[in-house]
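To start, the structure under review is shown below, and the notes come after it.
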Amino acid sequence: MDPNPGSDIPDPNIGSADPARALDELATLLSDHLARHALLVVWYAPHVLSTLHAELLRHGLPPLADRLPDGVVAPVCDPLVLDRHADRYRPGGRSLPVVAEWYGVPHERPGDPASDARAALLVAGAIAASYPAVARLSRPVLHAEQVIWYAEQMERHPDAPPWPFEPVEPAGPVEPVEPVTD
């Protein structure tokens, strides 16, 4: 497994203030990344990718799968799934800040998208360094194994979203929302 801890993480403040345009920019960036068969590291990928899928559809935009040549959102690495698999019984919580601290990974600004992305990438690398059996997996095998591991983990949490995500149809059209001002 090579999560490539030196990867560039785009500044989340760059881009459009228009939600549809920002979502389209993000989806284009991610689909370009995945089309190169680069590993996409996402903390709690089933939730994040399901939410992204629903929001893209809600804004009338093609989802990630439709933007990829083979129609498959892969390879994805979810450090939360890796942590739960590699050290199932370790003490402590499983939030990104707690797991980052456990593996000695810096996480300066929890909740900040760029900081969370860096921490997730570094946690994936730390897990690979700590567990050679995980590190030896190729990207496609890692993705396939995580699907299995996540399914096993979710037997204990039946309300969790499926892997890698469940296509969710939006409830209705996007309605303009006025910004909240103080």
Quiz item: Which word best sums up how the rings of His85 and Trp149 line up, parallel for under 30°, tilted for 30 to 60°, or perpendicular for over 60°?
Solution: parallel
To the closest 0.5 Å, what do you measure between [atom1] ([X]) and [atom2] ([Y])?
{"X": "Ile148", "Y": "Gln153", "atom1": "CD1", "atom2": "CD", "value": "12.0 Å"}
{"X": "Ile127", "Y": "Asp87", "atom1": "CD1", "atom2": "CG", "value": "9.0 Å"}
{"X": "Asp116", "Y": "Glu108", "atom1": "CG", "atom2": "CD", "value": "11.0 Å"}
{"X": "Glu55", "Y": "Ser50", "atom1": "CD", "atom2": "OG", "value": "12.0 Å"}
{"X": "Leu52", "Y": "Leu61", "atom1": "CG", "atom2": "CG", "value": "10.0 Å"}
{"X": "Leu29", "Y": "Glu25", "atom1": "CG", "atom2": "CD", "value": "9.5 Å"}

Mind listing the closest non-hydrogen atom pair of [X] and [Y] along with its distance?
{"X": "Val76", "Y": "His143", "result": "N-ND1, 2.9 Å"}
{"X": "Leu68", "Y": "Ala35", "result": "CD2-N, 3.8 Å"}
{"X": "Arg109", "Y": "Ser115", "result": "N-OG, 3.1 Å"}
{"X": "Tyr44", "Y": "Asp78", "result": "N-OD1, 3.0 Å"}
{"X": "Val41", "Y": "Pro79", "result": "CG1-CG, 3.7 Å"}

Residue pair [X] / [Y], side-chain heavy-atom distance below 4.5 Å:
{"X": "Leu49", "Y": "Leu64", "value": "yes"}
{"X": "Leu96", "Y": "Pro110", "value": "no"}
{"X": "Leu142", "Y": "Pro75", "value": "no"}
{"X": "His37", "Y": "Arg139", "value": "no"}

Quiz item: Quick one: does Arg90's side chain have a donor or acceptor within less than 3.5 Å of a partner on Gly93's backbone?
Solution: yes
Practice problem: Check for a donor-acceptor pair, side chain of His33 on one end and backbone N or O of Leu39 on the other, with a separation under 3.5 Å. | Solution: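 Yes; judged by distance alone, with no hydrogens or angles, the pair exists.
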Self-check item: Derivation of the side chain to side chain contact (heavy atoms under 4.5 Å, CB included) call for Val73 and Leu30
Solution: CA-CA 10 Å; Val73 179; Leu30 294 177; over 6 Å; no
Quiz item: Between Arg67 and Asp24, is the closest basic N to carboxylate O distance under 4.0 Å?
Solution: yes
Quiz item: Out of curiosity, does Val81 fall in the hydrophobic cluster containing Val141 (side-chain heavy atoms, cut-off under 4.5 Å, transitive links)?
Solution: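 Same cluster: Val141 reaches Val81 through Ile, Leu, Val, Met, Phe, Trp or Tyr contacts under 4.5 Å.
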Self-check item: Trp43/Val99 under side chain to side chain contact (heavy atoms under 4.5 Å, CB included): CA gap, chis, key distance, verdict
Solution: CA-CA 11 Å; Trp43 183 265; Val99 175; 3.7 Å; yes
